[in-house]
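Here the structure is laid out as C-alpha cells; the discussion comes afterwards.
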Amino acid sequence: MMRWARTTTVAGAILLGLAVSAGSAKPSSKVAEKVAPSAISPNELQIQSPALRIEFDHNLHSRVVTLFGGTPKPLTPFAASETVTVAGRALGDFAVVESHRESVSDAFGAGERLSLTGKSGDLRKNVAVTIYADFPSIAVFDVEYRNEGASRLTIQGWANHQYAISSLPTTSGPAFWSYQSGSYEKRPNWILPLHAGFRQENYLGMNASDYGGGTPIVDVWRKDVGLAVGHLEPVPRLISLPVSMPTGRSARVAVRSNREQTLEPGESIHTLRTFVSVHQGDYFHTLTEYRRLMMRQGFQMASAPDSAFGPIWCAWGYGRSMKLKQVYDTLPTVKKMGFAWVTLDDGWQNNYGDWEVDPKKFPHGDADMKALVDRIHAEGFRAQLWWSPLSAVPSSELLKEHPDLALLNQDGSRRKVSWWNSDYLCPAEPRVTENQKALVRKFLSEWGFDGLKLDGQHMNAVPPCYNSSHHHQHPEDSVEALPGFFRELYETARTAKPDALVEFCPCGTAYSFFTMPHFNMSVASDPESSFQVRSKGKTLKALMGDNIPYFGDHVELSDGATDFASTVGVGGVVGTQFVLPELVTKHTKFDLTPERRKIFDQWIKIYKDKMLSRGEYLGELYDIGFDIPETHAIRKGQDMYYAFFARHWTGPIELRGLQDQKYHLVDYVTHKDFGTVHGPKATIPAEFSQHLLIEAQPE
C-alpha cells in the first residue's frame with residue numbers, strides 16, 4: 001500500500017480550479033496572489049512514497065529525500081532545481097502562491113499529484129509532481145511557464161532537476177559511479193567512475209557529423225544510494241543531460257534544453273515530462289523502471305526467434321576485399337565448430353546507396369548471391385546480410401536520380417556519414433522509407449537471407465533536416481521520425497520472413513531507447529574492451545529485457561581477442577570473425593591458429609551447453625562499480641550462475657540471490673569443485689585471474 005504525505009490545500013486553492021494534467025495548467029486568479037507564502041505549511045509543499053520525498057520551499061526550490069528503511073535522508077540540498085532562462089539569466093525564485101493535491105489515474109497507473117504555483121514578476125510557474133503507486137522510486141515532473149505580462153517574452157532555455165549530490169564523508173576509490181547516455185566519436189564507456197573536474201554534456205542531438213542520440217537518462221550513484229534524472233517523452237528530444245563533478249565533494253546532474261521560444265502575452269511553454277529517481281545499488285534499477293514506465297505508454301520490445309540465440313560467424317575478418325572463395329572454403333570449419341549463423345559483412349555491395357552486388361565478386365549478379373545463400377543453407381546455417389540503411393554515396397544512382405532524398409543542413413549542404421564517405425538520407429521523407437523497405441524485401445525474399453545486420457553510428461540519431469522539398473513542419477521532424485523509420489524496416493522484414501533476425505549495431509553509440517522496439521538483437525557494437533562488452537550487456541538487458549538476445553560482438557574485439565567469458569558471463573550470444581590462415585596473405589589476431597581453435601572449441605561448447613543467453617539476468621544483485629570483484633548473476637531454472645571479473649583476485653567472493661537451501665558449486669570452465677554452501681547468501685574464498693565462472697546447483 002502506497003503511503004502518501006498528508007493531503008492539504010491552501011485556503012481558497014480549490015476555488016482556483018488549477019488544471020493538473022500535463023500541458024493543461026491554467027493561470028491562477030488574483031485571489032491566489034494575495035495568499036502569503038507563510039500561510040502554506042510544509043506539508044503542502046511536499047509529496048512522498050515509501051522510497052522518496054520531494055520537498056519544496058516557499059521559492060519553489062526543491063530537494064530530494066530518500067526514505068529507504070523508513071529513515072528520511074536528504075540526498076540533495078534545497079536549490080532552484082527547475083529554472084527558465086530569460087535575458088541570459090536563469091530564473092529560479094518563484095514565490096509560492098498556491099498548493100493543490102489530488103489523486104490521479106492515467107497510463108502510468110494510480111498515484112498522487114502535488115501541484116504548486118509560483119510568481120516571479122510577470123512570469124507564472126506551475127509545477128506538478130506525480131508519484132505513482134507502481135513506481136515508488138520515481139517522481140514525475142510537469143513544469144509550465146506562463147507570460148502574464150503585457151510584453152513579448154523570449155525564453156532562451158530551461159532546466160529541470162538541477163541537483164547536487166554529496167559524496168560520503170569517508171570512502172576509498174571513486175566517490176561516484178555513473179551511467180551516461182551521450183554518444184561521442186571517441187566511443188567512451190557508458191558506465192564510468194567520476195573524478196574531480198569531470199563534465200560530460202550528454203547532448204542527445206548530434207555531437208559529431210554522424211554521432212548522436214541516446215537514451216534520455218543519466219544516473220549517478222554512491223555506494224549507498226543513487227540519483228537519476230531523465231525524460232518520459234515518447235519520441236527523441238534535443239536535450240542535454242549534463243553530469244559533472246566540479247570538486248571531489250559532490251556530483252551534479254540536470255535535464256536541459258537550449259531551445260529558444262517566444263511567449264506572447266498570455267502564452268505558455270511546457271518543459272518535457274521529466275523525472276527524478278532514487279535507488280540503492282547501481283543504475284540497473286533505474287533503467288528497468290524506465291522501461292516499465294515506457295511500456296505503460298505503449299512501448300513493447302520486439303520478439304526474437306529461437307534461432308536468434310545461435311552462435312555467429314561473420315566474414316568480416318576477411319574485410320571489404322573478401323572473396324567468395326574465402327567464404328565458401330571457411331564454411332566447413334564454421335560448421336564443424338558448431339556455429340549457427342553466417343554473416344556476410346561489408347564489401348558485398350557495389351556502393352552504399354544502390355546496394356547492388358559487386359560485379360567483381362558476383363560476376364553473375366543476383367544469381368551468384370542466391371547461390372551463396374543456398375550454399376549457406378545447405379550447410380545447415382542461417383544467413384545474415386550486413387547493410388547500412390540511411391547512407392548513400394554521392395555517386396550512387398539513387399542520389400544522382402533523386403538528389404532531393406538527402407538530408408540537408410541549415411546552410412543547404414548535405415549531412416555527411418563519415419565512416420563511409422556517404423550522405424544521410426532523411427528518415428522523415430516517405431520516399432526514403434519506401435526505397436529502404438524495397439531493399440529489405442529484396443534481401444530477404446529474393447536473395448533468401450534469414451536476417452539483417454543493420455550497421456552504422458549514424459543510425460542512432462539524425463540531425464534536423466532543412467530540405468524544403470520534404471515539407472517538414474519543423475526541422476526536428478527528421479529527429480522524431482527516426483524510430484518510425486526503423487519500425488517500418490522491422491515490420492517489413494518480419495512480413496517477408498516471420499522469424500527474421502534484425503540485429504541493430506550503432507557502432508559504439510549509446511543506443512536510443514526509441515528504436516529498441518524495432519529490432520530483435522542488440523549487440524556490444526564495436527566494444528573497445530571486455531568491460532564494454534559486460535557493461536553494455538547489463539545496460540541493454542535492463543532496457544530491453546531478457547527475451548531479446550544480446551550479441552557480445554566478435555570475440556576478437558575483447559581483451560586478448562579470446563575473452564568469451566565476458567559474453568557468456570552476462571548472458572550474451574557469442575560470435576567471431578576468425579579467418580583461416582591459409583586463405584589470407586596478411587596474418588592478424590583473426591587467424592584461427594591451432595591454439596585459438598582449442599579455445600574457441602571449448603567456449604562454443606560451454607555456450608551451447610549452458611545457454612545462459614536464455615536465462616534471467618539479475619542485474620540488481622551486484623553493483624558494477626562498487627562491488628569488487630565485478631560480478632554478474634544469471635538464474636536459469638533452479639540453477640544460479642555467477643561470473644566474477646578482476647585482473648587478479650585473492651579473497652572472499654559473495655554469492656547472492658540463492659534460495660534458502662544447499663547448493664553445490666562448480667567452476668563450469670575448469671570443473672573445479674568448490675563444495676557446498678547454504679543460501680540465501682554465501683561467501684567462499686577464491687583466487688583467479690581475469691575471470692571465474694561458477695555454477696550453483698541445488699542439492
Side-chain angles (χ1 to χ4, degrees), residues 42 45-46 48-57 61-81 92 136-139 159 161-180 189-200 202 217-230 241-255 275-287 289 531 535 619-631 646 649 651-654 656 681 683:
L45 297 175
Q46 65 183 39
Q48 75 177 53
S49 75
L52 85 164
R53 182 163 68 226
I54 305 297
E55 299 178 351
F56 291 88
D57 66 14
H61 293 195
S62 75
R63 71 175 180 178
V64 180
V65 179
T66 63
L67 302 176
F68 296 121
T71 304
K73 292 182 180 180
L75 187 57
T76 70
F78 276 108
S81 53
S137 63
I138 295 174
H161 308 298
Q162 298 177 108
Y163 302 124
I165 175 173
S166 297
S167 61
L168 291 172
T170 57
T171 183
S172 59
F176 300 99
W177 278 75
S178 66
Y179 162 71
Q180 304 195 47
N189 290 347
W190 303 348
I191 313 302
L192 66 159
L194 301 183
H195 57 79
F198 177 91
R199 183 175 182 86
Q200 186 165 302
N202 295 301
I217 301 171
V218 289
D219 194 316
V220 171
W221 68 94
R222 305 185 309 220
K223 194 169 186 177
D224 63 328
V225 69
L227 177 76
V229 299
L241 297 117
V243 175
S244 63
M245 190 175 178
T247 68
R249 295 185 296 276
S250 69
R252 298 178 181 273
V253 297
V255 180
F275 71 89
V276 57
S277 173
V278 298
H279 59 91
Q280 294 176 302
D282 65 22
Y283 69 111
F284 189 85
H285 177 79
T286 296
L287 298 193
E289 291 297 276
F531 178 73
S535 57
E620 293 194 48
L621 287 182
Y622 295 91
D623 184 324
I624 196 170
F626 288 107
D627 281 333
I628 301 174
E630 177 192 332
T631 310
W649 178 262
I653 56 175
E654 191 173 272
R656 304 172 186 169
K681 187 166 63 175
T683 300

Steps toward side-chain contact (heavy atoms from CB on, under 4.5 Å) verdict (Arg222, Leu75)
CA-CA 11 Å; Arg222 305 185 309 220; Leu75 187 57; 4.1 Å; yes

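- Taken from CD in Gln280 to OG in Ser137, the straight-line distance is 10.5 Å, to the nearest 0.5 Å.
- Once rounded to the nearest 0.5 Å, the distance linking CG of Leu227 with CZ of Arg252 reads 12.5 Å.
- The CZ atom of Phe198 sits 12.5 Å away from atom CZ of Phe176, with the distance rounded to the nearest 0.5 Å.
- Closest heavy-atom contact between Thr76 and Val64: OG1-N, 2.9 Å.
- With contacts defined as side-chain heavy-atom distances shorter than 4.5 Å, the pair Ile628/Trp649 qualifies.
- Nearest heavy atoms, Phe626 versus Ala175: CZ-O, 3.7 Å.
- Proximity of a side-chain donor or acceptor of Ser178 to a complementary backbone N or O of Gln180 within less than 3.5 Å is not detected.
- Remark: Trp177 pairs with no residue by the side-chain hydrogen bond (donor to acceptor under 3.5 Å, both in side chains) rule, at least two apart or across chains.
- Taking all atoms of both residues into account, the shortest heavy-atom contact from Tyr179 to Trp221 is N-CZ3, 3.6 Å.
- Across all non-hydrogen atoms, the minimal contact from Leu241 to Gly230 is CD2-CA, 3.9 Å.
- Side-chain contact between Phe531 and Ile624 is present, with at least one heavy-atom pair separated by less than 4.5 Å.
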Let's go through Tyr622 and Glu630 carefully: what are the C-alpha distance in whole Å and the side-chain angles of both, what is the deciding distance for side-chain contact (heavy atoms from CB on, under 4.5 Å) to 0.1 Å, and is it a yes or a no?
CA-CA 8 Å; Tyr622 295 91; Glu630 177 192 332; over 6 Å; no

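- By the 6.0 Å contact criterion, CZ on Arg656 is enclosed, its count of non-hydrogen atoms from other residues, nucleotides or ligands being greater than 12.
- The aromatic rings of His161 and Tyr163 sit tilted, their planes meeting at an angle between 30° and 60°.
- Summarising the geometry, atom CG belonging to Asp224 is positioned 4.5 Å from atom CG belonging to Leu168; distances are rounded to the nearest 0.5 Å.
- Applying the side chain to side chain contact (heavy atoms under 4.5 Å, CB included) rule to Ala254 yields the partners Gln162, Pro242, Arg256; only residues at least two apart in sequence or on another chain are considered.
- For Ser167 (side chain) and Arg249 (main-chain N/O), a donor-acceptor pair under 3.5 Å exists by modelled atom type.
- Although no hydrogens or angles enter the test, the distance criterion places a donor-acceptor pair under 3.5 Å between the side chain of Asp57 and the main chain of His61.
- The two residues Ile653 and Pro629 make their nearest non-hydrogen contact at CG2-CG, 4.0 Å.
- Nearest heavy-atom pair, Asp282 versus Phe284, reported as atom, atom and distance to 0.1 Å: OD1-N, 3.0 Å.
- A distance-only check finds a donor-acceptor pair linking the side chain of Ser49 to the backbone of Ala51 [under 3.5 Å].
- In this structure, Ser277 OG and Asp219 CG are separated by 7.0 Å, a value rounded to the nearest 0.5 Å.
- Taking OG1 of Thr66 as the reference point, atom NE2 of His279 lies at 11.5 Å (rounded to 0.5 Å).
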